[in-house]
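Predicted model, so just to flag it, every value in this text is computed and none were measured.
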Amino acid sequence: LGYCTTSNSGVVENLNDVYYICKLGSWVTATVLEYDTYGWKAGTEGEMKPGSVNSSNHYVYEDGAWRASANEIEYDLGACVINRLNEVGKTGTTYYTCKSDGWTESTVLEYDTYKKYCPKDGSIVSGKVVSENKYVCDASVFRTANELELSLNKGCVNYTENNKQFLNDKYYICENK
């Protein structure tokens, strides 16, 4: 392998089917990430590509460096990086949400209201995927509507606090607690 000096620091070499990297003045065994991405230039945020040595490994360019792709879900849906946080994707019959720790299985609320417009606080809207599901627009986000809200066709939120609604000979007053 020769001498490991500052001039060849970071260089990866193969000797007898073992990969080594020059680090801090000595040759050490390279990690799969180090040898599989050796020589790669900077990518674009979220770019994915197979390894140079083992093409069944996949890597993601994130925050200025290459990292190993987390799992098959990330390979199917694309990289879960900061500019995709809260995005919802589907693979097979399962929905996933991009969160800070990667793609995680979505809740019904997450996938049923994804990219849904919140028209006005207190309004009730149908789910995007399951139209029978009903949600209340509450401070520009959604939550599941309760039975009384469905009966009154209005959610009890800060915007509607102290509003009176009449239903079946009864008055209901919105009180947020």
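Closest of all the heavy-atom pairs between Y114 and K128 is O-NZ, 3.0 Å. Between C137 and P119, the shortest heavy-atom contact is SG-N, 4.3 Å. When all heavy atoms are compared, the tightest approach of G43 to E47 is CA-OE1, 3.1 Å. Between T5 and S7, the shortest heavy-atom contact is OG1-OG, 2.8 Å. In terms of heavy atoms, W40 sits closest to D36 at CZ2-O, 3.5 Å. Here the closest heavy-atom approach between residue V88 and residue T97 is recorded as CG2-OG1, 3.8 Å.
The environment of OH in Y38 is crowded: more than 12 heavy-atom neighbours from other residues, nucleotides or ligands sit within 6.0 Å. The local environment of OH in Y75 is sparse, with at most 12 non-hydrogen atoms from other residues, nucleotides or ligands closer than 6.0 Å. Within 6.0 Å of CZ on F166 lie more than 12 heavy atoms contributed by other residues, nucleotides or ligands.
Judged purely by atom type and a 3.5 angstrom limit, T160 uses its side chain to pair as donor or acceptor with the backbone of G155. Remark: the backbone N or O of G78 is paired with a side-chain donor or acceptor of W103 at under 3.5 angstrom. Side-chain atoms of E62 never come within 3.5 Å of backbone atoms of E45 as a donor-acceptor pair (strictly under, hydrogens ignored). Side-chain N or O atoms of R84 include one that pairs as donor or acceptor with a backbone N or O of A79 at under 3.5 Å.
Partners of D121 by side chain to side chain donor-acceptor pair (under 3.5 Å), not counting sequence neighbours: none found. A search for salt bridge (Lys or Arg N to Asp or Glu O under 4.0 Å) contacts involving D138 returns R143, not counting sequence neighbours.
Taken together through direct or relayed side-chain contacts under 4.5 Å among Ile, Leu, Val, Met, Phe, Trp and Tyr, V53 and Y59 form part of one hydrophobic cluster. Under the 4.5 Å side-chain contact rule for hydrophobic residues, I124 and V108 do not share a cluster. Grouping the Ile, Leu, Val, Met, Phe, Trp and Tyr side chains by contacts below 4.5 angstrom, directly or via other members, places Y111 with F142. V125 is not connected to L150 by any chain of hydrophobic side-chain contacts under 4.5 Å among Ile, Leu, Val, Met, Phe, Trp and Tyr, and they are in different clusters. Grouping the Ile, Leu, Val, Met, Phe, Trp and Tyr side chains by contacts below 4.5 angstrom, directly or via other members, places V60 apart from I82.
To the nearest 0.5 angstrom, L148 atom CG is 9.0 Å from Q165 atom CD. In this structure, NZ in K49 is found 12.0 Å from NE2 in H58, a value given to the nearest 0.5 Å. K154 contributes atom NZ, which lies 11.5 Å from atom CD of E149 (distance to the nearest 0.5 angstrom). Note: E13 CD to W27 CH2 = 5.0 Å, rounded to the nearest 0.5 Å. The distance from the NZ atom of K134 to the CD atom of E147 is 12.0 Å, given to the nearest 0.5 Å. Interatomic distance, K99 NZ to S106 OG, rounded to the nearest 0.5 Å: 7.0 Å.
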Side chain to side chain contact (heavy atoms under 4.5 Å, CB included) assessment of N57 paired with V32: CA-CA 9 Å; N57 294 334; V32 174; 3.5 Å; yes
Could you pull out every donor-acceptor pair under 3.5 Å between side chains of residues 17-26 and any protein atom, sequence neighbours left out?
unit_1, atom_1, unit_2, atom_2, d
Y19, OH, N14, ND2, 3.3
K23, NZ, E34, OE2, 2.6

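Between Y61 and W66, the angle of the ring planes goes over 60°, which puts this pair in the perpendicular group of the 30/60° scheme.
With 3.5 Å as the limit, one finds no donor-acceptor pair spanning the side chains of S126 and S131.
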